Amino acid sequence: MNERQKFGAVVLAVLMFLAGYLVGKNAEKLAGPPGDASPIKIGFIGPLSGDTANLGENMRLAVELARDEVNAAGGVKGRTLDVIFEDGKCDGKEAVNAGNKLLNIDKVTAIIGGVCSSETLAVAPLAEKAKVPLVSAASTNPKITTAGEYTFRFVPSDSFQGTFTADHFVNTLKKKKVAVMYCKSDYCVGIKDAFTKKFKELGGEVVAEEGFERDARDLRSQITKVKAAQPELVYFVSYTEGTIVGLKQMKELGVTAPVFGADAWDDPKIGKELKDKAHKAQYSLPANQSLPQEFVEAMEKRTGGKELVVYAPRAYDILKSLTEIMGQKGVGPENIKAGLSDLKDWKGIADTYSLDENGDVLSAKYVIKEFNKEGKAKEVK
């Protein structure tokens with residue numbers, strides 16, 4: 001090889017090296033900098049103390065189970081999930097405090113919650129301003145439908161439950177004279193309004209309508225008025241402690257009309273406290289599909305054998321759906337919002353979810369449970 005050939009070979013080698021280097025740098029630029037390895041922060045707001053704590057605690061354990069399963073499988077794009085749990089106490093003011101902490105201090109990517117409608121309605125404006133998705137597994141008040149572009153839920157609106165209950169009373173139970181007792185909260189008032197509107201449309205008569213403060217522990221005045229109205233059935237919408245007090249005092253005051261409640265009654269504490277005093281009382285709740293045995297067994301270990309509430313697997317489904325969306329579309333709040341807005345026929349363990357333009361589920365199915373003499377609530381076939 002002469003000098004000219006040697007020089008040409010050196011130039012060619014240099015050019016090839018430069019080409020390879022530039023291609024590599026361009027690929028590095030397209031791929032972006034090394035990925036963020038910090039945990040992905042997700043918030044949770046629900047009642048972890050107070051008279052609905054059993055519901056919130058049950059759901060917290062389900063979310064923890066989902067989190068642990070995701071992290072054990074490698075997380076999301078190599079990043080683990082860190083769920084930060086805050087006590088909303090089923091109260092709007094407390095939920096605002098929890099929401100502000102999660103959004104402004106913890107800088108969460110999304111929030112699972114609230115559980116009570118008052119929590120969700122209070123936090124929704126904060127989530128809207130921060131542009132962070134808020135996804136509820138349990139809040140059913142119809143106002144949540146228009147709470148904002150960043151508010152979603154994996155449970156049907158009470159516009160569905162009110163229609164179902166009214167139709168059940170009139171067409172199945174053949175009861176057209178109903179007294180209504182309800183707690184003065186967003187959840188109870190939402191169901192009461194949806195029910196009475198549809199019930200009257202179907203030809204039913206509301207013979208008494210008695211409200212009470214959510215923390216009231218003496219309902220004898222309201223019950224006395226309800227009894228005097230001689231209803232064919234009492235529709236009693238309340239949270240756990242109010243339900244326990246109300247059913248007990250109805251027995252004491254000799255109310256003989258059958259009593260029917262709503263989905264917040266799906267708290268095992270009610271039957272455990274009342275035993276035979278709840279016998280024959282019924283309530284409606286969203287229908288979950290048959291749950292995987294491995295989920296049931298895992299939750300039995302975490303709860304110490306306590307019964308699952310209807311919302312727990314739905315809370316589990318929310319975190320699993322968020323995980324899938326982040327894996328497909330990206331980890332940012334806007335990516336999550338886009339994924340939830342496009343959610344169609346997503347198969348969870350409790351249900352198959354399709355959300356409409358308002359973030360509501362498109363359809364709903366309900367079942368009815370009845371308390372036996374031992375206080376166990378069993379589905380009525």
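Source: prediction; values computed, not measured.
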Compile the donor-acceptor pairs under 3.5 Å between side chains in residues 225-235 and protein atoms, sequence neighbours left out, one pair per line.
residue: Lys227; atom: NZ; partner: Leu253; partner atom: O; Å: 2.7
residue: Glu232; atom: OE1; partner: Lys176; partner atom: N; Å: 2.7
residue: Glu232; atom: OE1; partner: Lys177; partner atom: N; Å: 3.1

Exercise for the section: Assert yes or no for the condition that the ring centre distance of Phe154 to Tyr311 is strictly below 6.0 Å. Expected result: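 Centroid separation for Phe154 and Tyr311: 6.0 Å or greater.
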Practice task
Kindly indicate whether the side chain of Cys116, heavy atoms from C-beta on, has any atom under 4.5 Å from the side chain of Tyr239.
Solution key: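 Yes. Closest side-chain heavy atoms under 4.5 Å.
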Side chains of [X] and [Y]: do they bring a donor and an acceptor to under 3.5 Å?
{"X": "Glu57", "Y": "Asn54", "result": "no"}
{"X": "Ser284", "Y": "Gln161", "result": "yes"}
{"X": "Asp51", "Y": "Thr240", "result": "no"}
{"X": "Asp345", "Y": "Thr352", "result": "no"}
{"X": "Asp317", "Y": "Tyr353", "result": "yes"}

Handout entry: For the student: nearest non-hydrogen atoms of Cys90 and Glu119, plus distance
Key =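 Heavy atoms only, the tightest pair is N-OE2, 2.8 Å.
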Counting only pairs under 3.5 Å, give me each side-chain donor-acceptor contact of residues 66-75, with atom names and distances, residues two or more places apart or in other chains.
residue: Asp68; atom: OD2; partner: Arg302; partner atom: NH1; Å: 3.3
residue: Asp68; atom: OD2; partner: Arg302; partner atom: NH2; Å: 2.9
residue: Glu69; atom: OE1; partner: Tyr316; partner atom: OH; Å: 2.5
residue: Glu69; atom: OE1; partner: Lys320; partner atom: NZ; Å: 2.8
residue: Asn71; atom: OD1; partner: Leu81; partner atom: N; Å: 2.7
residue: Asn71; atom: ND2; partner: Leu81; partner atom: O; Å: 3.1

Handout entry: Within 6.0 angstrom of Lys365 NZ, more than 12 heavy atoms from elsewhere
Key =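 Incorrect, the count does not exceed 12.
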Problem - Stepwise salt bridge (Lys or Arg N to Asp or Glu O under 4.0 Å) test for Glu205 and Lys200 - result: CA-CA 6 Å; Glu205 178 186 0; Lys200 290 175 182 178; over 6 Å; no
Practice task
Run the numbers on Glu209 and Met181 for side-chain contact (heavy atoms from CB on, under 4.5 Å), then give the verdict.
Solution key: CA-CA 6 Å; Glu209 190 173 307; Met181 281 181 56; over 6 Å; no
Handout entry: Shared hydrophobic cluster, Val135 / Tyr150 (ILVMFWY, side-chain heavy atoms < 4.5 Å)
Key =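 No; tracing contacts between hydrophobic side chains, which count when under 4.5 Å, never links both residues.
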Practice task
Identify whether the distance between the nearest side-chain nitrogen and carboxylate oxygen of Glu334 and Lys337 falls below 4.0 Å.
Solution key: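 No, this pair does not count.
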Handout entry: NZ or CZ of Lys192 within 45° of Tyr182 ring axis and under 6.0 Å
Key =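 Ring-cation test returns yes.
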Problem - Results of ring pair (Phe, Tyr, Trp, His ring centres under 6.0 Å) for Phe260 - residues two or more places apart only - result: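 Phe260 satisfies ring pair (Phe, Tyr, Trp, His ring centres under 6.0 Å) with His168, Phe169 once adjacent residues are dropped.
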Exercise for the section: Can you spot which of Asn141, Thr145, Thr120 makes a side chain to side chain donor-acceptor pair (under 3.5 Å) with Arg153? Expected result: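 That would be Thr145.
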